[in-house]
Amino acid sequence: QLQLVESGGGLVQPGGSLRLSCAASGSTLDHYAISWFRQAPGGERETILCISSSGGSTNYADSVKGRFTISRDDAKNTVYLQMNSLKPEDTAVYYCARALYTCSASLTRYDYDYWGQGTQVTVSS
């Protein structure tokens with residue numbers, strides 16, 4: 001049984017950086033696409049970035065373009081989300097999930113079979 005655990009969240013000032021990790025156990029990630037999502041208080045879960053099994057990335061959120069990047073280290077069974085130039089509106093719970101299909105614009109939240117529990121990111125001065 002695959003388990004995904006996010007870590008690396010916390011409180012950061014505007015303009016700061018954080019790197020989130022999505023670590024897998026119980027199974028390997030190397031044949032799967034993995035996406036990062038976020039959900040702000042009172043908001044819907046938003047897809048941010050997806051990384052394919054070959055390492056190609058798909059950006060779903062214009063609001064993070066040029067600031068967030070996704071990467072993977074299959075040797076460590078971990079996917080990362082590097083977040084730079086953070087803004088207060090980036091405050092949310094961030095989740096990772098394993099996709100049933102490769103990254104594409106047509107993926108919906110229902111196309112993921114395993115989810116992590118989330119990690120809180122708060123951007124505030």
Side-chain angles (χ1 to χ4, degrees):
Q1 183 83 357
L2 177 69
Q3 284 193 315
L4 298 175
V5 178
E6 301 94 337
S7 63
L11 174 64
V12 63
Q13 291 188 341
S17 297
L18 283 175
R19 188 177 79 158
L20 305 184
S21 298
C22 171
S25 61
S27 184
T28 59
L29 295 179
D30 53 352
H31 297 300
Y32 294 92
I34 304 295
S35 287
W36 281 98
F37 301 77
R38 68 183 179 185
Q39 188 166 14
E44 293 190 356
R45 193 165 295 189
E46 174 189 21
T47 315
I48 307 171
L49 285 159
C50 178
I51 188 164
S52 69
S53 58
S54 60
S57 65
T58 302
N59 189 328
Y60 295 90
D62 288 341
S63 60
V64 307
K65 210 168 278 186
R67 300 189 298 123
F68 290 13
T69 56
I70 190 171
S71 62
R72 63 192 300 154
D73 185 339
D74 289 337
K76 295 183 178 178
N77 220 19
T78 300
V79 173
Y80 302 99
L81 181 67
Q82 179 66 44
M83 306 187 296
N84 299 327
S85 303
L86 282 161
K87 304 175 181 180
E89 51 264 41
D90 295 318
T91 295
V93 179
Y94 284 72
Y95 302 87
C96 62
R98 190 180 78 171
L100 292 168
Y101 313 104
T102 192
C103 304
S104 77
S106 62
L107 280 182
T108 71
R109 58 186 291 183
Y110 304 104
D111 294 322
Y112 296 85
D113 57 354
Y114 289 96
W115 293 78
Q117 82 292 346
T119 185
Q120 175 70 47
V121 172
T122 302
V123 185
S124 175
S125 54

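Fair warning: this is a prediction, and the values are worked out from it, not measured in the lab.
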Here the disulfide bond (SG atoms under 2.5 Å apart) pairs for residues 51-84, sequence neighbours left out, are none
Would you give the length of the straight line joining atom CG of Leu107 to atom CG of Leu100, rounded to the nearest 0.5 angstrom?
8.5 Å
Please say yes or no: joined through hydrophobic side-chain contacts below 4.5 Å, possibly via intermediate residues, are Ile48 and Val12 part of one cluster?
yes
Report the residues that fulfil side chain to side chain contact (heavy atoms under 4.5 Å, CB included) with Arg67, sequence neighbours left out, ordered by chain and then residue number.
Val64, Ser85, Lys87, Asp90
Between Asn77 and Ser27, is there a donor-acceptor pair closer than 3.5 Å when you use the side chain of the first and the backbone of the second?
yes
Partners passing side-chain hydrogen bond (donor to acceptor under 3.5 Å, both in side chains) against Thr122 (at least two apart in sequence or in another chain):
Gln120
Could you give all pairs that pass the salt bridge (charged side-chain N to carboxylate O under 4.0 Å, His left out) test and reach residues 112-125, with sequence neighbours left out?
Arg98-Asp113
Per the disulfide bond (SG atoms under 2.5 Å apart) rule, what does the pair list look like for residues 84-125, sequence neighbours excluded?
Cys22-Cys96, Cys50-Cys103
List for me each residue that meets salt bridge (Lys or Arg N to Asp or Glu O under 4.0 Å) alongside Asp73, sequence neighbours excluded, and say none if there are none.
none
Separation between CZ of Phe68 and CG of Leu20, rounded to the nearest 0.5 Å:
8.0 Å
Only counting residues at least two apart or in another chain, list the ones meeting side-chain hydrogen bond (donor to acceptor under 3.5 Å, both in side chains) with Ser63.
Arg38
Report the distance from atom CG of Asn59 to atom CD1 of Ile70, rounding to the nearest 0.5 Å.
9.5 Å
In Å, rounded to the nearest 0.5 Å, how long is the span from OG of Ser25 to CD of Gln3?
4.5 Å
Residues passing the side-chain hydrogen bond (donor to acceptor under 3.5 Å, both in side chains) test with Tyr112, sequence neighbours excluded, are Ser35
With sequence neighbours excluded, residues passing side-chain hydrogen bond (donor to acceptor under 3.5 Å, both in side chains) with Ser54:
Ser52
With sequence neighbours left out, write down each residue that passes side chain to side chain contact (heavy atoms under 4.5 Å, CB included) with Ser71, or none if nothing qualifies.
Tyr80
Taking the six-membered ring where the residue is Trp, are the ring centres of Phe37 and Trp115 under 6.0 Å apart?
yes
Tyr95 with Leu81, same ILVMFWY side-chain cluster at under 4.5 Å
no
Would you give the length of the straight line joining atom CG of Leu11 to atom CG of Leu18, rounded to the nearest 0.5 angstrom?
9.0 Å
Rounded at 0.5 Å granularity, tell me how far CD in Gln1 sits from OH in Tyr114.
4.0 Å
Under a 4.5 Å side-chain heavy-atom rule over Ile, Leu, Val, Met, Phe, Trp and Tyr, are Trp36 and Tyr101 clustered together?
no
Could you work out the complete set of other residues in the hydrophobic cluster of Val5, with links drawn between I, L, V, M, F, W and Y side chains under 4.5 Å apart?
none
Nonpolar side-chain network containing Tyr110, other nodes, edges under 4.5 Å
none
